[in-house]
Amino acid sequence: GEVDDAIEAFFTTLAPAFRDQTTLATFSEFGRRPERNDSNGTDHGAGGLMLVIGNRAAGGIASEFPGLGNLDDQENLKVTTEFRSVWATLLESWMQIDAQAVLPGIDQTRVPIIRA
């Protein structure tokens, strides 16, 4: 709820002239394990959440859900989208910057997150 409130406050106070020129990207530094722990919560795991928000964001889910029946060797969700490919997409499609200059060696995979 706190993240939602902060994002809403940011875009609500943003001047209308800048709303089409602003894209917000945020991510969690860790994922969660699918199994509950002893305190009915979940422990830190692999994968995580990335949000791209703004008038030009494509919307929807842009990556494949790995499924709960196909976990990795440590019982984590499998990562289906390399997070650097999201940053590379933002660099190229939003900021018009060569992703290779910022992320040397990044592959050519891009994620459909920005509308033209």
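Just so we're clear, the structure is a prediction, and the values are computed from it rather than from any experiment.
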Apply side-chain contact (heavy atoms from CB on, under 4.5 Å) to the pair Trp87 and Leu103, showing each step before the final yes or no.
CA-CA 9 Å; Trp87 297 132; Leu103 301 165; 4.2 Å; yes
So which heavy atom on Ala88 is nearest to which on Ala99, and how close?
CB-CB, 3.7 Å
Short N-O contact, Glu82 and Arg84, less than 4.0 angstrom
yes
Of all residues at least two apart in sequence or in a different chain, which pass the salt bridge (Lys or Arg N to Asp or Glu O under 4.0 Å) check with Arg56?
none
Thinking salt bridges, do Arg110 and Glu92 make one under a 4.0 Å N-O criterion?
yes
Does the Ser28 side chain pair with the main chain of Phe30, one donor and one acceptor, at a distance under 3.5 Å?
yes
Spell out, as yes or no, whether a donor-acceptor pair under 3.5 Å connects the side chain of Thr42 to the backbone of Arg32.
no
Gap separating the CD atom of Glu75 from the CD atom of Glu35, nearest 0.5 angstrom:
7.5 Å
Shared hydrophobic cluster, Phe10 / Val3 (ILVMFWY, side-chain heavy atoms < 4.5 Å)
yes
I need the Asp43 CG to Asp38 CG distance, nearest 0.5 Å.
8.5 Å
Considering only heavy atoms from C-beta outward, does the side chain of Phe27 approach that of Val86 to under 4.5 Å?
no
Indicate if Leu51 and Leu91 have the same hydrophobic cluster label, given that clusters are the connected sets of ILVMFWY residues with side-chain heavy-atom separations under 4.5 angstrom.
no
Side chains of Val52 and Leu24: closer than 4.5 Å at any heavy-atom pair?
no
Report yes if some heavy atom in the side chain of Pro34 is under 4.5 Å from a heavy atom in the side chain of Leu71; otherwise report no.
yes
Close side-chain approach of Ser85 to Thr81, heavy-atom, < 4.5 Å
yes
Count I, L, V, M, F, W, Y as connected when their side-chain heavy atoms are under 4.5 Å apart, and connections chain through other members. Are Ile106 and Val102 then in the same cluster?
yes
I'd like to know whether CZ of Phe18 has more than 12 heavy-atom contacts from other residues, nucleotides or ligands below 6.0 angstrom.
no
Please round to the nearest 0.5 Å and tell me the distance separating atom OG1 of Thr22 and atom CH2 of Trp94.
7.0 Å
Using 0.5 Å steps for rounding, measure from the CD1 atom of Ile114 to the CE atom of Met95.
11.0 Å
Phe11 vs Ile53 side-chain heavy atoms within contact, under 4.5 Å
yes
Drop me the distance from Gln100's CD to Asp107's CG, to the nearest 0.5 angstrom.
8.5 Å
Please give me the minimum heavy-atom distance between Gly67 and Leu77, naming the atom from each residue.
O-CD2, 3.6 Å
Which value, rounded to the nearest 0.5 Å, describes the distance between Ile7 atom CD1 and Thr26 atom OG1?
6.0 Å
